[in-house]
S.K.: 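Handing you a structure now.
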Amino acid sequence: MELSTVTTCTGFHHNLTRSKALSFPLIPSVSTTSSCQRTSAAAAAAAATTSLVNEPCNDDSQPATTTRRRPKGGAVDAQRRQSKSYMSRKAAILEVQQSPHLDSALQRLGGMLKVQDLNIILRNFGEQCRWQDLSQLFDWMQRHNKISASSYSSYIKFMGTSLNPAKALEIYHSIPDESKKTNVFICNSLLRCLVRNTKFDSSMKFFHKMKNNGLTPDAITYSTELNYNGLQMDSIMYGTLLAVCASNNRCEEAQSYFNQMKDEGHSPNIFHYSSLLNAYSSDGNYKKAEELVQDMKSSGLVPNKVILTTLLKVYVRGGLFEKSRDLLVELDTLGFAKNEMPYCLLMDGLAKNGLLDEARSVFNEMKEKRVKSGGYSYSIMISSFCRGGLFEEAKELAEEFEAKYDKYDVVILNTILCAYCRTGEKESVMRTMRKMDELAISPDYNTFHILIKYFCKEKLYMLAYQTMEDMHRKGHQPMEELCSSLILHLGKIKAHAEAFSVYSMLKSSKRTMSKAFHEDILHILIAGRLLKDAYVVVKDNAELISPAAIKKFASSFVKLGDINLINDVMKVIHGSGYKIDQELFLMAVSRYIAEPEKKDLLIQLLQWMPGQGYVVDSSTRNLILKNSHLFGRQLIAEILSKQHMTSKALKAQ
DNA sequence: CTAGGGTTAG
């Protein structure tokens with residue numbers, strides 16, 4: 001019955017893919033390829049890639065001097081001499097690195113070492129986190145004037161990793177050579193150090209908990225470019241730092257850098273004010289924001305479009321919609337509201353505070369004024385309508401957007417896709433997916449999420465499953481709720497292996513998993529007779545599974561599972577605290593009697609039992625005795641008598 | 001060369 005859904009689903013799947021030769025990476029490969037075939041193909045591809053990648057590595061592992069350059073004639077001698085000096089320096093490098101008394105080692109060997117040799121040692125100390133030695137060596141290098149730009153760069157970099165930005169700044173300011181101060185490597189190192197150190201929760205600053213937000217490359221790029229131009233290093237670097245803090249909601253750090261730069265005698269420019277203002281927007285701190293704008297005005301700077309728009313953002317985030325509206329009017333009068341940005345800020349804020357009607361009227365007002373839109377406002381309104389449950393209106397707006405504009409990115413496509421999915425416009429959903437494919441816009445986490453939810457709603461569970469597989473392959477981690485509902489549906493349509501695959505995807509991701517999850521998949525695996533997988537689930541999560549489910553699993557496994565694993569299963573469930581009952585022992589014994597060539601396993605089971613406090617009951621005992629010729633009468637008699645003694649001892653207690 | 005906007009979430 002329920003399998004008909006799968007057929008429908010495959011049909012739809014065909015419809016979906018037939019229209020074009022598809023590069024759309026989201027659409028699962030045609031149903032003739034089973035998931036496991038695809039997996040092995042992927043594995044083969046991966047293996048091929050690996051071997052390609054590894055080959056040059058093998059070459060590299062050969063001794064470089066013998067296979068690489070082979071100088072001819074007189075060059076050989078020169079190289080030999082060079083090598084000789086290099087060899088002795090190399091030995092000295094090692095000795096300094098390994099010496100327990102760094103100072104005396106430097107006194108003895110420092111003289112023969114070149115700056116680049118000392119840099120090697122410096123980097124070695126840094127990589128080994130030998131901060132004490134690192135500072136000591138750097139000190140020595142400074143004092144003996146054996147120092148290069150590369151030394152500064154490395155040292156500052158390691159001050160970043162050892163979470164000492166203050167020291168890094170101190171060193172940077174102590175550089176005597178002006179040209180070194182604008183050296184691109186040194187500046188990048190310093191910036192990296194500072195940026196890294198702003199990623200710490202301000203309250204936890206001294207506890208050094210790293211957070212990753214991927215902003216470093218931008219900062220490095222900025223710093224690289226600005227160094228080539230050699231302009232106003234400090235001021236601009238502070239600008240970058242403030243921007244980084246602001247966009248990471250690091251209000252306090254932004255504040256402290258702002259103060260620090262003032263302390264150092266730099267007067268903040270409009271960029272610095274703007275970034276700090278933006279930092280205040282994250283918690284809607286309008287009091288501080290207004291103070292800052294006042295401060296800025298009294299320093300002689302006139303608020304420009306960016307400042308006023310950012311202030312609007314502060315008001316919106318603070319939920320001050322009266323002030324926001326007034327400011328928008330002001331922006332408009334000043335000619336600063338010619339594009340949609342300030343309207344977007346307000347609309348989004350209104351809608352997210354449940355004021356959908358007001359958001360709509362701002363949107364209409366904006367359209368009446370013929371304000372230029374790049375599609376952002378549509379994106380905001382369509383998703384707001386979806387959030388508010390106004391799916392028809394969302395769909396109409398999506399259609400309006402498609403009719404009016406021809407500019408797409410992954411966000412607007414996700415937004416309209418969501419609108420069409422919520423209203424169940426199958427044709428429009430497919431058209432949007434095709435559009436994504438044609439425009440070579442690759443689906444992201446949200447695209448997958450929207451589609452999987454849609455396929456589930458349409459009861460196209462296999463399609464939902466294939467989409468989730470794709471999602472997983474692309475490295476996105478699906479949400480637990482989505483996985484759990486899909487797993488239950490796959491179980492119901494008897495797609496047991498697929499359900500288990502979804503379970504495995506979630507398990508391999510870093511997401512948390514609710515306790516009930518393991519038991520849910522266990523029931524599905526038992527129903528699908530996938531008992532080996534069920535065994536793995538039980539083995540790994542026995543303490544999270546109820547005794548009732550363990551019992552169900554155990555009796556299924558002992559009855560129908562791999563006979564070679566029955567004893568292992570017994571040990572695992574016993575080990576988890578489950579008390580094995582007589583029924584289960586009887587079942588196991590019956591399996592072994594039916595397959596006498598597994599007699600060793602029966603013997604092992606019977607020998608294992610007394611140690612765990614188990615003995616067979618009389619009916620199982622009789623069954624064994626009746627068949628003892630299959631197993632060796634003598635041995636059986638011995639084992640059973642031992643069990644009998646254990647039983648007596650247990651009763652006596 | 002440093003500043004401001006949107007997509008999920010039952």
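Protein chains get the first letters and strands the later ones, always in sequence-line order, with residue 1 at the start of each.
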S.K.: Apply ring pair (Phe, Tyr, Trp, His ring centres under 6.0 Å) to A:Phe517 and list each qualifying residue two or more places apart in sequence or on a separate chain.
M.R.: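 Not a single residue meets the ring pair (Phe, Tyr, Trp, His ring centres under 6.0 Å) criterion with A:Phe517.
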
S.K.: Would you mind writing out the side-chain donor-acceptor pairs for residues 320-331 of chain A within the sub-3.5 Å range, not counting sequence neighbours?
M.R.:
{"unit_1": "A:Lys323", "atom_1": "NZ", "unit_2": "A:Glu290", "atom_2": "OE2", "d": "2.9"}
{"unit_1": "A:Ser324", "atom_1": "OG", "unit_2": "A:Leu320", "atom_2": "O", "d": "2.6"}

S.K.: Is any N or O donor-acceptor pair between the side chain of A:Asn269 and the base of B:dA3 shorter than 3.5 Å?
M.R.: no

S.K.: Go through the structure and list residues passing salt bridge (charged side-chain N to carboxylate O under 4.0 Å, His left out) with A:Glu519, not counting sequence neighbours.
M.R.: none

S.K.: Check residues 387-398 of chain A and write down every donor-acceptor pair under 3.5 Å in which the side-chain atom is one partner and the other belongs to a residue at least two apart or another chain.
M.R.:
{"unit_1": "A:Arg387", "atom_1": "NH2", "unit_2": "A:Ser384", "atom_2": "OG", "d": "3.4"}
{"unit_1": "A:Glu392", "atom_1": "OE1", "unit_2": "A:Lys395", "atom_2": "NZ", "d": "3.4"}
{"unit_1": "A:Glu393", "atom_1": "OE1", "unit_2": "A:Arg360", "atom_2": "NH2", "d": "3.0"}
{"unit_1": "A:Glu393", "atom_1": "OE2", "unit_2": "A:Arg360", "atom_2": "NE", "d": "2.7"}
{"unit_1": "A:Glu393", "atom_1": "OE2", "unit_2": "A:Arg360", "atom_2": "NH2", "d": "3.4"}

S.K.: Please encode protein proximity along nucleotides 4-10 of chain B as a string of B, S and -, counting only heavy-atom distances under 4.0 Å.
M.R.: BBBBBS-

S.K.: Taking side chain to side chain donor-acceptor pair (under 3.5 Å) as the cut-off, I'd like each qualifying pair that reaches into residues 296-313 of chain A, sequence neighbours left out, listed once.
M.R.: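 Pairs touching residues 296-313 of chain A that pass the test: A:Asn278-A:Lys313.
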
